[in-house]
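As the structure is a prediction and not an experimental result, all values here were calculated from the model. Note that ligands are numbered from 1 as they come in the structure, with each ligand's atoms numbered from 1 the same way.
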Amino acid sequence: MTRKMTSSHTPMIGVFDSGVGGLTVLRALVERIPEASYLYFGDTARLPYGSKSAATVAHYAVGAVRYLQDRGAELLVIACNTATALALDEIKAAAGVEVIGVVEPGAEAAAAASRKRNVVVIGTDATISSHAYRRALEARNVAVREKACPLFVPLVEEGWVEHPVTEQVAKIYLAEAFSPEVHSDDADVLLLGCTHYPLIKPLLRRVAPEHVAIVDSAESTALNVARHLHVELPPSSTQTKNEPSPVRHIKFFATDSAEKFRKMGSRFLGLAVEDVVHVDLKE
Ligand code: DGL
């Protein structure tokens, strides 16, 4: 596949997440836009965000995106579903550059994929309680059932992406989410509204009802950013098989141990994580 950017300027994209999970979004971005340079901020000292209040998440996220902007980020991607769901307005108000969160692109992709206009969305407690995905889907005339799946984040961080315990937990959560008693109209899309869930997509594929399509907000956000930057695929008749461009540069910032971030991060990114700088943000 060939890509082209309409402008010769390749922007510095700042990606923010509560920890390493947002590397699934960075991974999708790098696949779509390898020409860009990236700064990634993981607030590993203060995660999880998924169990915190909106005020706390907004305070943490605003500090982190200011840091990314000070280091030259020209476009901000809020990879964290919880931060997007709880604090996107505050982040936008504090940022001096364009901000793209994961909720709108995720909802857009799920709405496009659902023929029955009926979607199940899963995420952290905070994301689900905020009803941000519900609002985004209902605005597109899609019925929604929301289901918090808080155990998935620690299970994925433990590396249990193909583990009987994770499978059992997924069976329980999805049986509740797709239960006919609470969801009489058949949902035909499962929207993954958390950074960690793409890592258990094969497991969720096995456990979810067969007719259900799985939509991943990481993928749809990367596509949205590519559209925003005018990264274009040529018409199919002119497509040539090009080697993908090498990734220009990724610099990582972590608020907890850089070594720990390096180790766990490579699992989420699918590439070696180098160039990690420890950051101590003042409260
Ligand atoms: N990054 C968070 C999200 O996507 C999951 C981890 C956390 O709770 O901090 O919602």
message: Under a plain distance cut-off of 3.5 Å, with no hydrogens placed, do T56 and S53 share a side-chain donor-acceptor pair?
response: yes
Considering only N or O atoms, set out every pair between ligand 1 and the protein closer than 3.5 Å, with distances to one decimal place.
from     : atom 1 : to   : atom 2 : distance (Å)
ligand 1 : 1 (N)  : D17  : OD1    : 3.0
ligand 1 : 1 (N)  : S18  : OG     : 3.2
ligand 1 : 1 (N)  : T195 : OG1    : 2.9
ligand 1 : 4 (O)  : N81  : N      : 3.0
ligand 1 : 4 (O)  : N81  : ND2    : 3.4
ligand 1 : 4 (O)  : T195 : N      : 3.0
ligand 1 : 4 (O)  : T195 : OG1    : 3.2
ligand 1 : 8 (O)  : Y49  : N      : 3.3
ligand 1 : 8 (O)  : G50  : N      : 2.8
ligand 1 : 9 (O)  : S18  : OG     : 2.7
ligand 1 : 9 (O)  : Y49  : N      : 2.7
ligand 1 : 10 (O) : T82  : N      : 3.2
ligand 1 : 10 (O) : T82  : OG1    : 2.6

query: Once you round to the nearest 0.5 Å, how far does CZ of F253 lie from CZ of F16?
result: 13.5 Å
field: Set of ring-ring contact (aromatic ring centres under 6.0 Å, His included) partners for H163, sequence neighbours left out
entry: W160
D17 and Y49 side chains, donor-acceptor separation under 3.5 Å: no
field: Interatomic distance, H228 atom NE2 to I100 atom CD1 [nearest 0.5 angstrom]
entry: 5.0 Å
query: Can you find a pair of side-chain heavy atoms, one from Y173 and one from F152, that are under 4.5 Å apart?
result: yes
